[in-house]
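None of these values were measured; they are calculated from a predicted model. Any value given below was found using the heavy atoms of this structure, including those in side chains, with hydrogens, waters and symmetry copies removed.
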Amino acid sequence: MRAEFPDFRLGSVLATSFTATLTERRGDAVERIPTPQRLVDWLAVSGLAVDSCTAAQLDLARELREAIHAAATAAAIHEPLPASAVHVINDRSAQGRAAAILTPEGNRRWRLSSASCVEDALGVIAADAISIIAGERDGKLALCASPTCQAAFFDTSQSRTRKWCDMNTCGNRQKKARFTANQRKNPRSAD
């Protein structure tokens with residue numbers, strides 16, 4: 001990974017990890033895939049290695065990312081899915097060529113075609129988004145409680161009451177802000 005770029009926020013759900021390549025959407029947005037090579041890096045750490053990426057393919061990836069975010073956000077707040085987002089997700093899913101394979105450990109992995117390209121990887125991400133938005137997986141879509149983030153995430157906690165997209169970033173930041181505000185309201189007396 002290149003040190004000049006912010007770290008990736010990787011989770012256990014491919015589609016919502018992909019939407020986390022743009023964070024702090026309601027504050028000072030942080031683009032985590034600003035270049036085609038950075039998308040190649042993200043795909044590699046996500047198990048979808050491709051050889052290269054063009055600027056046009058990066059644009060396709062960002063369009064898919066925003067479509068997934070829009071559809072996941074609508075699903076999380078129980079609103080109709082935006083037709084344009086559904087169209088983009090379905091198109092990317094249909095254009096990809098990948099096969100699900102079973103590992104000896106009993107896990108599913110994706111195998112891209114031998115001449116794998118970004119479109120194949122985007123097809124896998126779109127298919128993953130379809131499965132979570134359609135409610136086919138155990139969990140629920142939710143939105144991060146951070147006012148500057150509002151990222152869509154897939155909550156698989158037992159109680160399905162998770163508040164933050166990532167406890168190490170948004171959760172800690174919000175808890176620290178609440179602690180600081182309480183300290184200001186109730187300063188301890190100096191003895």
Side-chain angles (χ1 to χ4, degrees), residues 5-48 50 52-98 110 112 116-137 139-155 162-166 169-170:
F5 297 120
D7 290 337
F8 294 132
R9 287 186 176 178
L10 300 172
S12 60
V13 178
L14 182 63
T16 53
S17 290
F18 186 58
T19 63
T21 60
L22 179 65
T23 55
E24 301 302 316
R25 291 170 179 270
R26 307 240 177 182
D28 292 326
V30 177
E31 176 62 73
R32 295 172 191 276
I33 54 168
T35 65
Q37 182 56 48
R38 190 66 173 159
L39 177 59
V40 170
D41 294 343
W42 186 89
L43 291 170
V45 299
S46 299
L48 298 169
V50 297
S52 64
C53 177
T54 66
Q57 289 170 320
L58 177 60
D59 290 342
L60 288 175
R62 287 180 177 160
E63 180 184 38
L64 175 61
R65 175 184 69 192
E66 296 312 303
I68 293 169
H69 180 73
T73 297
I77 59 176
H78 308 290
E79 289 188 356
L81 302 180
S84 59
V86 170
H87 179 74
V88 169
I89 293 167
N90 288 339
D91 279 356
R92 294 297 168 271
S93 179
Q95 291 171 1
R97 295 168 302 177
W110 289 98
L112 303 181
S116 62
C117 64
V118 170
E119 289 81 0
D120 296 336
L122 296 180
V124 172
I125 296 166
D128 190 61
I130 290 167
S131 74
I132 62 171
I133 293 168
E136 295 175 348
R137 300 204 352 227
K140 77 168 193 165
L141 281 163
L143 298 179
C144 183
S146 167
T148 61
C149 181
Q150 295 287 293
F153 66 92
F154 195 62
D155 183 3
R162 207 172 104 198
K163 291 184 175 192
W164 321 110
C165 64
D166 186 297
T169 53
C170 292

What heavy-atom pair brings [X] and [Y] nearest, and what distance separates the two atoms?
{"X": "Ile68", "Y": "Phe18", "answer": "CD1-CD2, 4.3 Å"}
{"X": "Thr19", "Y": "Ala152", "answer": "OG1-O, 4.0 Å"}
{"X": "Ala121", "Y": "Val50", "answer": "CB-CG1, 4.2 Å"}
{"X": "Cys117", "Y": "Arg97", "answer": "SG-NH2, 4.1 Å"}
{"X": "Leu81", "Y": "Ala71", "answer": "CD2-O, 3.3 Å"}
{"X": "Thr148", "Y": "Glu24", "answer": "OG1-OE1, 2.5 Å"}

Give every donor-acceptor pair under 3.5 Å between a side-chain atom in residues 129-136 and any protein atom, sequence neighbours left out.
| residue | atom | partner | partner atom | Å |
| --- | --- | --- | --- | --- |
| Ser131 | OG | Asp128 | O | 2.8 |
| Ser131 | OG | Arg137 | NH1 | 3.1 |

### Query
Do the charged groups of Glu31 and Arg38 touch, with an N to O distance under 4.0 Å?
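Salt bridge between Glu31 and Arg38, a charged N being under 4.0 Å from a carboxylate O: no.
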
### Task
Could you point out which residue of Glu63, Glu66, Glu119 forms a salt bridge (Lys or Arg N to Asp or Glu O under 4.0 Å) with Arg92?
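It is Glu63; the other options fail the test.
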
Taking only distance into account, with no hydrogens and no angle test, what donor-acceptor pairs under 3.5 Å do side-chain atoms of residues 83-90 form with protein atoms, sequence neighbours excluded?
| residue | atom | partner | partner atom | Å |
| --- | --- | --- | --- | --- |
| His87 | NE2 | Asp91 | OD2 | 3.0 |
| Asn90 | ND2 | Val86 | O | 3.3 |

Contact check, side chains of [X] and [Y], non-hydrogen atoms, under 4.5 Å:
{"X": "Val118", "Y": "Leu60", "value": "no"}
{"X": "Val124", "Y": "Leu112", "value": "yes"}
{"X": "Ile33", "Y": "Phe8", "value": "yes"}
{"X": "Leu22", "Y": "His69", "value": "no"}
{"X": "Gln57", "Y": "Val40", "value": "no"}

### Query
Trp42 and Ser17: side-chain contact (heavy atoms from CB on, under 4.5 Å), yes or no, with the steps?
CA-CA 10 Å; Trp42 186 89; Ser17 290; 4.1 Å; yes

How long is the gap from [atom1] on [X] to [atom2] on [Y], to the nearest 0.5 Å?
{"X": "Cys144", "Y": "Asp155", "atom1": "SG", "atom2": "CG", "value": "11.5 Å"}
{"X": "Arg26", "Y": "Leu143", "atom1": "CZ", "atom2": "CG", "value": "8.0 Å"}
{"X": "Ser93", "Y": "Ile125", "atom1": "OG", "atom2": "CD1", "value": "11.5 Å"}
{"X": "Leu43", "Y": "Asp120", "atom1": "CG", "atom2": "CG", "value": "10.5 Å"}

### Query
Counting only N and O atoms by type, is there a donor-acceptor contact under 3.5 Å from the side chain of Arg162 to the main-chain atoms of Ala142?
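Flag not set: sc Arg162 to bb Ala142 has no pair under 3.5 Å.
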
#### Entry: Thr23 side chain to Ala20 backbone, donor-acceptor under 3.5 Å
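No, because the side chain of Thr23 does not come within donor-acceptor range (under 3.5 Å) of the backbone of Ala20.
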
